[in-house]
Amino acid sequence: MTVTITDIDTLVVGAGQAGIAMSEHLTRQEVPHIVLEKNRIAEAWRSHRWDSLVANGPAWHDRFPGMTFPGAHPDSFVSKDKVADYFQAYAQKFDAPVKTGVEVFSAVRDEGNGGFIIETSEGSFKAQRIVSATGPFQIPIIPSIAPTDPELYQIHSAKYYNPEQLPEGAVLVVGAGSSGVQIADELNRAGKQVFLSVGPHDRPPRSYRGRDFVWWLGVLGLWDAAANEPGKEHVTIAVSGAEGGKTIDFRELASQGLNLVGRTSAFENGDVYFDGDLAKNIRAGDDNYLSLLDRADEYVARHGLDLPEEPDARHFLADPECMTNPTTKLNLKTAGINTIIWATGFATDYRWLKVNAFDENHQPKHHRGVSSEAGVYFLGLPWLSRRGSTFIWGVWHDAKYIADQIVIQRQYQYYPNNI
């Protein structure tokens with residue numbers, strides 16, 4: 001029996017923002033390739049986000065250079081479905097060779113012949129190169145401390161869609177990055193009693209002196225930071241595009257009735273325990289916020305810009321009681337908590353990629369996406385090349401670099417036929 005193998009120069013796995021950006025650059029450089037996607041293009045934006053989610057950056061910024069968001073005001077924050085539609089339309093714009101509904105099971109070295117053999121739900125592929133564009137949001141993480149009480153309704157933020165899906169009663173949201181804060185705020189506005197567990201975080205202003213924070217990070221060169229600051233590898237960013245975009249203010253959320261607690265540390269016998277670090281975490285977020293204001297003011301003065309002063313931006317509400325007298329223990333039943341939402345991030349899943357491209361923690365070994373394993377590339381990961389790597393526009397620029405490296409390798413591989 002003869003097994004049919006599809007032969008292609010470069011195989012891209014994943015058709016989210018990373019895979020579509022990769023395909024555009026490979027198409028421009030005339031590199032034969034196929035993009036395999038097990039669901040639909042940009043599926044994560046459609047089905048792994050809550051209903052009211054909008055992009056965290058304004059439409060003028062969070063896009064690919066080659067196309068604006070149709071019908072969107074440049075300063076608006078585009079809804080999740082319009083973001084997914086954007087990537088679908090972008091792929092159609094250059095006729096991206098995307099095959100949807102194809103799951104990749106494994107990729108191994110084709111020893112003795114070069115390249116890789118990739119097994120999928122639609123047969124086998126042989127490729128000289130593989131680009132993993134599956135991104136960082138693959139396996140929702142629920143910490144091992146999660147209680148085992150079957151009466152509790154527990155979900156990861158990836159499975160939260162709207163307040164109506166939750167049972168009656170109070171909600172504990174664990175994690176105060178962008179997802180956790182926005183979900184907690186939405187539930188509070190819907191009339192739920194909400195407890196929000198706040199860990200270490202950065203808290204940039206949504207805008208300052210008439211400019212969105214993405215603009216400030218750009219002119220200050222902060223998007224180009226090549227590595228995270230020591231000690232901040234696991235610090236989340238509290239920023240939101242909800243309700244037209246607003247700065248996250250934990251003191252204001254407390255004044256609106258949201259119950260703030262420190263980092264969740266344990267569950268035992270129906271009780272939940274919190275570290276007494278709420279005030280410390282909020283004040284560290286304040287320091288991050290104020291440091292950006294300071295740098296922005298210095299930039300305005302240095303360049304003589306006519307941007308309006310905003311002294312009120314430095315005024316904080318008084319510390320609420322939850323900061324001055326923190327709650328470190330709650331009985332779930334007494335507090336009426338029937339739901340826990342874990343906004344605790346994601347892990348990557350590279351079990352399909354059976355090559356020597358990972359460290360002892362099974363994290364990719366690479367430089368700017370070029371793997372330690374020849375012919376393997378990674379795209380869409382945090383800090384792949386710089387701070388902006390996980391943002392839509394940043395992924396596009398990272399993809400361009402990787403495409404250039406692939407072209408260079410092809411020139412060597414096909415020498416002297418290509419001279």
Side-chain angles (χ1 to χ4, degrees), residues 50 137-161 163 165-188 190-201 203 231-238 248 250-251 253-254 256-285 319-349 361-362:
W50 63 95
F137 306 121
Q138 295 167 34
I139 302 177
I141 295 175
I142 294 182
S144 59
I145 63 170
T148 57
D149 185 349
E151 294 184 4
L152 281 172
Y153 180 74
Q154 298 187 69
I155 56 172
H156 190 271
S157 57
K159 294 299 182 182
Y160 169 80
Y161 300 108
Q165 82 182 88
L166 305 185
E168 294 293 324
V171 182
L172 170 62
V173 178
V174 181
S178 292
S179 296
V181 171
Q182 291 178 65
I183 291 171
D185 188 28
E186 177 173 273
L187 292 172
N188 187 55
K192 289 278 191 182
Q193 184 178 19
V194 181
F195 296 84
L196 176 62
S197 177
V198 180
H201 60 273
R203 188 173 68 86
K232 287 198 170 185
E233 293 83 357
H234 304 292
V235 170
T236 58
I237 299 177
I248 299 299
F250 287 102
R251 294 174 179 83
L253 289 173
Q256 295 169 355
L258 208 151
N259 303 284
L260 304 179
V261 292
R263 182 159 40 181
T264 303
S265 58
F267 292 84
E268 185 177 346
N269 299 324
D271 295 325
V272 54
Y273 294 84
F274 308 105
D275 293 342
D277 59 357
L278 176 63
K280 174 186 174 183
N281 294 336
I282 290 178
R283 291 193 180 109
D319 288 350
E321 186 177 0
C322 61
M323 289 179 65
T324 58
N325 184 26
T327 297
T328 56
K329 176 182 175 182
L330 277 176
N331 181 270
L332 295 172
K333 287 189 176 180
T334 301
I337 296 173
N338 295 326
T339 298
I340 301 176
I341 298 177
W342 295 93
T344 42
F346 296 79
T348 53
D349 184 2
N361 297 317
H362 209 61

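Note that the structure is predicted; figures quoted are calculated from it, not measured. Every heavy atom of this structure was used, including side-chain atoms; hydrogens, water molecules and symmetry mates were not.
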Any chance you could lay out the side chain to side chain contact (heavy atoms under 4.5 Å, CB included) test for Q193 and N259, step after step, and finish with the verdict?
CA-CA 8 Å; Q193 184 178 19; N259 303 284; 3.6 Å; yes
Determine, stepwise, if the pair I340 / F267 fulfils side chain to side chain contact (heavy atoms under 4.5 Å, CB included).
CA-CA 12 Å; I340 301 176; F267 292 84; 3.8 Å; yes
Between Y160 and L187, is a side chain to side chain contact (heavy atoms under 4.5 Å, CB included) present by the stated rule, with each step listed?
CA-CA 11 Å; Y160 169 80; L187 292 172; 3.6 Å; yes
Determine, step by step, whether F274 and L330 satisfy the side chain to side chain contact (heavy atoms under 4.5 Å, CB included) criterion, reporting the C-alpha distance in whole Å, the side-chain angles of both residues, the deciding distance to 0.1 Å, and the verdict.
CA-CA 8 Å; F274 308 105; L330 277 176; 3.9 Å; yes
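The OH atom of Y153 sits 8.0 Å away from atom CD1 of I341, with the distance rounded to the nearest 0.5 Å. Within the model, atoms CD of E186 and CH2 of W50 stand 8.5 Å from one another, a figure rounded to the nearest 0.5 Å. Here the straight-line distance linking atom OG1 of T327 with atom CG of L278 works out to 9.0 Å at 0.5 Å rounding. Annotation: the span from I282 atom CD1 to R203 atom CZ amounts to 8.5 Å, rounded to 0.5 Å.
Closest approach of Q256 and N188 over heavy atoms only: O-ND2, 3.2 Å. L260 and A254 get closest at one heavy-atom pair: CD1-CB, 4.0 Å. Heavy atoms only, all atoms of each residue included: A343 and S157 are closest at CA-OG, 3.8 Å. Shown here for A176 and V181, the closest heavy-atom pair between the two residues is O-CG2, 3.3 Å. Nearest heavy atom pair, residue P163 against residue K192, reads O-CE, 4.4 Å. Residues N281 and V198 come closest through the heavy atom pair ND2-O, 3.0 Å.
For the side-chain contact (heavy atoms from CB on, under 4.5 Å) test, residues two or more places apart in sequence or in another chain that qualify with A347 are I139, I141. Looking at residues two or more places apart in sequence or on another chain, you find a ring-ring contact (aromatic ring centres under 6.0 Å, His included) between F346 and F137, H156. By the side-chain contact (heavy atoms from CB on, under 4.5 Å) test, T324 is found to be paired with D319, E321, residues two or more places apart in sequence or in another chain being considered.
No donor-acceptor pair under 3.5 Å is formed between the side chain of S197 and the backbone N or O of G175. No donor-acceptor distance shorter than 3.5 angstrom exists from the side chain of R263 to the backbone of D277, with no hydrogens or angles considered. Listed for the Q165 side chain is a donor-acceptor partner under 3.5 Å among the backbone atoms of K159. For the pair N338 (side chain) and L152 (backbone), a donor-acceptor distance under 3.5 Å is absent.
Residue pairs meeting the side-chain hydrogen bond (donor to acceptor under 3.5 Å, both in side chains) criterion with at least one member in residues 265-275, sequence neighbours excluded, are D271-N331. For the side-chain hydrogen bond (donor to acceptor under 3.5 Å, both in side chains) condition, the pairs that include at least one residue of residues 339-349, sequence neighbours left out, are Q154-W342, D349-R351. Annotation: side-chain hydrogen bond (donor to acceptor under 3.5 Å, both in side chains) contacts involving residues 166-179, sequence neighbours excluded, comprise N56-S178.
Two residues are said to be in side-chain contact when any heavy atoms from C-beta on lie closer than 4.5 Å; L166 and I155 meet this criterion. Put simply, the side chain of F250 does not reach to within 4.5 Å of the side chain of M323, judged on heavy atoms.
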